[in-house]
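The structure appears below as structure tokens.
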Amino acid sequence: MRGRRNMRAPLIAGDGPLARVRPLAVFVVVIGLFTAGVLVSGPIGAGLLGLLAAGICVLLATTWSALRPSERMLRVLVLGVLVVVAIAQLR
């Protein structure tokens with residue numbers, strides 16, 4: 001089964017700082033930031049979502065060469081939706 005991922009396996013192969021981060025911890029932080037950003041309206045919510053978008057940009061830039069074109073497209077789409085939601089929080 002190719003779709004299942006071991007939640008204890010490193011996010012990125014190698015011995016860099018991202019390889020030591022547990023996927024479950026990343027999931028909890030992302031869900032927490034997104035939920036707080038959506039529930040808190042105004043500039044604070046937009047700032048939280050912007051912080052999440054910045055983190056996703058860094059991760060995307062770091063892993064770009066290891067991703068297939070379809071994976072790149074999906075991640076850029078998610079980033080775009082997140083930026084739209086962050087801008088909507090400012091209104």
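What you see below is based on every heavy atom in this structure, not just the backbone, and it leaves out hydrogens, waters and symmetry mates.
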| field | Spatial distance of atom CG (L82) from atom CG (L77) [nearest 0.5 Å] | value |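 Those atoms lie 11.5 Å apart.
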| task | Could you grab the distance from atom CZ of F34 to atom CG of L39, nearest 0.5 Å is fine? | result | 9.5 Å
| Distance-only, no hydrogens or angles: does the R75 side chain make a donor-acceptor pair with backbone N or O of L60 under 3.5 Å? |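 Side chain of R75 to backbone of L60: no pair is present.
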| task | Return yes if some donor-acceptor pair links the side-chain N/O of Q89 with the main-chain N/O of L48 below 3.5 Å, else return no. | result | no
| said: Can you give me the closest heavy-atom contact between A86 and A46, atom names plus distance? | reply: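 Closest approach of A86 to A46, heavy atoms only: O-CB, 3.4 Å.
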| What pair of heavy atoms forms the shortest contact from L79 to C57, and how long is it? | CD2-SG, 3.5 Å
If hydrophobic clusters are built from ILVMFWY residues whose side chains come within less than 4.5 Å, do [X] and [Y] share one?
{"X": "L52", "Y": "V29", "result": "yes"}
{"X": "L51", "Y": "I56", "result": "yes"}
{"X": "V81", "Y": "V38", "result": "yes"}

| Can you list the steps and then say if L59 with W64 is a side chain to side chain contact (heavy atoms under 4.5 Å, CB included)? | CA-CA 8 Å; L59 188 59; W64 188 263; over 6 Å; no
| task | Please say which of V26, L33, V28 ends up in a side chain to side chain contact (heavy atoms under 4.5 Å, CB included) with V30. | result | V26
| Name of the residue among V83, V85, V84 meeting side chain to side chain contact (heavy atoms under 4.5 Å, CB included) with I87 |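 Answer after filtering V83, V85, V84: V83.
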| message | For L67, I'd like to know if atom CG has over 12 heavy atoms of other residues, nucleotides or ligands within 6.0 Å. | response | yes
